[in-house]
Amino acid sequence: MAALSAGRAAAAGLLRAQSLGAWRALGTSAALLQQAQAKSHRAEGTFQVTMLPGDGVGPELMHAVKEVFKAGNVPVIFDEHHLSEVQNMASEEKLDRVVDSMKESKVAIIGKIHTPMEYKGDLASYDMRLRRKLDLFANVVHVKSLSGYQTRHNNLDLVIIREQTEGEYSSLEHESAKGVIECLKIITRAKSQRIAKFAFDYATKKGRAKVTAVHKANIMKLGDGLFLQCCKEVAELYPKIKFDTMIIDNCCMQLVQNPYQFDVLVMPNLYGNIVDNLAAGLVGGAGVVPGESYSAEYAVFEMGARHPFAQAVGRNIANPTAMLLSASNMLRHLNLEYHSNMISDAVKKVIKGGKVRTADMGGYSTSMDFTQAVIDALEVQ
């Protein structure tokens, strides 16, 4: 019994050590990241942020962010890079430049880097390569209803946490025999424990009551079974947080029927991708839900449901809401609370007013109309 207790204590110690990076990513460590940024940018009184406009309407949305930041006198300088497979602006050299910029800034705001379906000799897209190089293991999407904008479900407030460095998106595929393709799903104990610990740390920090592990362990008994087991082990270290599990197909149905039962959901890569989009649809779609991705060192802010919306390029109809809210979250991460609140309050004020809405929200306003309305609503002191 003594040996068993010692083993459990050692395992708990290991998990706590593994969570250090996640705590730092959430800004709960001794603000080492902020100190480093403050030291490097104190002379200018500004923060450098890496910007990747991406594909589709990404550049238009980034323009909205820059215009709002300019109007709000936000102390941020963007180091802008262009990485696109569909626009022939992708190469290892460009990717390395983005990584070098991130090493300096530690923070980025990015649009969707579209991944072509055609196989051109490399299975891993540049978007996936960037996330792996930065070890952006945790994707966080806060799905929250916007006051004044009615949808089928109102007053929703749930968080989806997705492991995004392994799982089905391992890029390990091959033709084992003619007409037979094998695609490998990778699940490891270390990364499953890491994302589970991140989810429980997030729930603790944000005052959340419950974490639900989403899986398909009834069919993928070893792979998802390992993920589920790791979640259960980590849950034992957080007795104040309620823990339950749910099979992915049932989870999708429950989200549509009764999303209010959920608080924080944690899941492997593919499930998270699907559920992010499903949940975004519950509160208005891809145009209104912000997202973010974390590693131990870096934080990347983006749209919660990643869509290039290519059919809207140049038409001035894309909804800037998600990107502006994501930019607001980025400012909060940088400890620029005043500017963060100023922008998020302005966005929410415009939406609640109901007079200026883009087509996806049932209105007739342009992207520029919405951006200008947000600028007009800024309460700059």
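Basis for what follows: all heavy atoms, side chains included, without hydrogens, waters or symmetry-related copies. Source: prediction; values computed, not measured.
No side-chain donor-acceptor contact under 3.5 Å links N139 and Y294. In the model, S105 has a side-chain atom that pairs as donor or acceptor with a side-chain atom of T50 under 3.5 Å. When only modelled atom types and interatomic distance are considered, Q164 and S293 share a side-chain donor-acceptor pair under 3.5 Å. E302 and S326 are not linked by any side-chain donor-acceptor pair at a separation below 3.5 angstrom, with hydrogens and angles left out of the test. When only modelled atom types and interatomic distance are considered, H339 and N341 share no side-chain donor-acceptor pair under 3.5 Å. A side-chain N or O of K197 and one of Y238 form a donor-acceptor pair less than 3.5 Å apart. Side-chain atoms of S101 and D79 form a donor-acceptor pair, as typed in the model, at a separation below 3.5 Å.
For F301 and H333, the gap between ring centers is short of 6.0 Å. The ring of F198 has its center closer than 6.0 angstrom to the ring center of F137.
A salt bridge links E93 to R97: one of the charged nitrogens lies within less than 4.0 Å of a carboxylate oxygen. Between K191 and E163, no side-chain nitrogen of the basic residue sits less than 4.0 Å from a carboxylate oxygen of the acidic one, so the salt-bridge criterion is not met. Electrostatic pairing of R189 and E233 counts as a salt bridge here, judged by a charged N lying under 4.0 Å from a carboxylate O. Ion pair K242/D263 not flagged as a salt bridge, since none of the NZ, NE, NH1 or NH2 atoms sits closer than 4.0 Å to an Asp/Glu carboxylate oxygen. Look at R131 and D127 and you find a salt bridge, because one of the NZ, NE, NH1 or NH2 atoms lies within 4.0 Å of a carboxylate O, short of that distance. The residues D157 and R208 are annotated as salt-bridged, a charged nitrogen and a carboxylate oxygen being separated by less than 4.0 angstrom. Between K112 and D55, none of the side-chain N atoms (NZ, or NE/NH1/NH2) sits under 4.0 Å from a carboxylate O, so this pair counts as no salt bridge.
Side-chain atoms of R357 come within 3.5 Å of backbone atoms of I351 as a donor-acceptor pair (strictly under, hydrogens ignored). Judged by distance alone, with hydrogens and angles left aside, the side-chain atoms of S340 form no donor-acceptor pair with the main-chain N or O of L336 at under 3.5 Å. Judged by distance alone, the side chain of E182 and the main-chain N or O of H174 form no donor-acceptor pair under 3.5 Å.
Heavy-atom neighbours of I181 CD1 from other residues, nucleotides or ligands within 6.0 Å: above the threshold of 12. Counted within 6.0 Å of NE2 on H153, heavy atoms from surrounding residues, nucleotides or ligands total more than 12; the atom is thus considered enclosed. Atom NZ of K185 has more than 12 heavy atoms from other residues, nucleotides or ligands within 6.0 Å. A 6.0 Å sphere centred on CE of M253 holds more than 12 heavy atoms belonging to other residues, nucleotides or ligands. Taking a 6.0 Å sphere around OH of Y364, one finds it holds 12 or fewer heavy atoms contributed by other residues, nucleotides or ligands.
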Run the salt bridge (charged side-chain N to carboxylate O under 4.0 Å, His left out) test on R194 and D201 for me, step by step, so that the C-alpha distance in whole Å, both residues' side-chain angles and the decisive distance to 0.1 Å come before the verdict. CA-CA 10 Å; R194 181 171 67 168; D201 284 344; over 6 Å; no
Tell me, with the steps shown, if V180 and E175 meet side-chain contact (heavy atoms from CB on, under 4.5 Å). CA-CA 6 Å; V180 179; E175 188 172 24; 5.6 Å; no
List the steps and the verdict of side-chain hydrogen bond (donor to acceptor under 3.5 Å, both in side chains) for T358 and S365. CA-CA 5 Å; T358 48; S365 302; over 6 Å; no
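Interatomic distance, L228 CG to H215 NE2, rounded to the nearest 0.5 Å: 5.0 Å. Taken to the nearest 0.5 Å, the CD atom of E67 stands 11.0 Å off from the CG atom of L324. Interatomic distance, I375 CD1 to F370 CZ, rounded to the nearest 0.5 Å: 11.5 Å. In this structure, NZ in K210 is found 10.5 Å from CG in L158, a value given to the nearest 0.5 Å. Rounded to the nearest 0.5 angstrom, T371 OG1 and E60 CD are separated by 10.0 Å.
Looking at heavy atoms from C-beta onward, K66 lies out of side-chain contact with K70 at the 4.5 angstrom threshold. Residues V275 and L255 are in side-chain contact: their nearest non-hydrogen atoms beyond the backbone lie under 4.5 Å apart.
Of all non-hydrogen atoms in I109 and M330, the two that sit nearest each other are CB-SD, 4.1 Å.
Judged by the 6.0 Å and 45° rule, K206 forms a cation-pi pair with Y202.
Linking Ile, Leu, Val, Met, Phe, Trp and Tyr residues whenever their side-chain heavy atoms come within less than 4.5 Å leaves I219 and I248 in two separate clusters.
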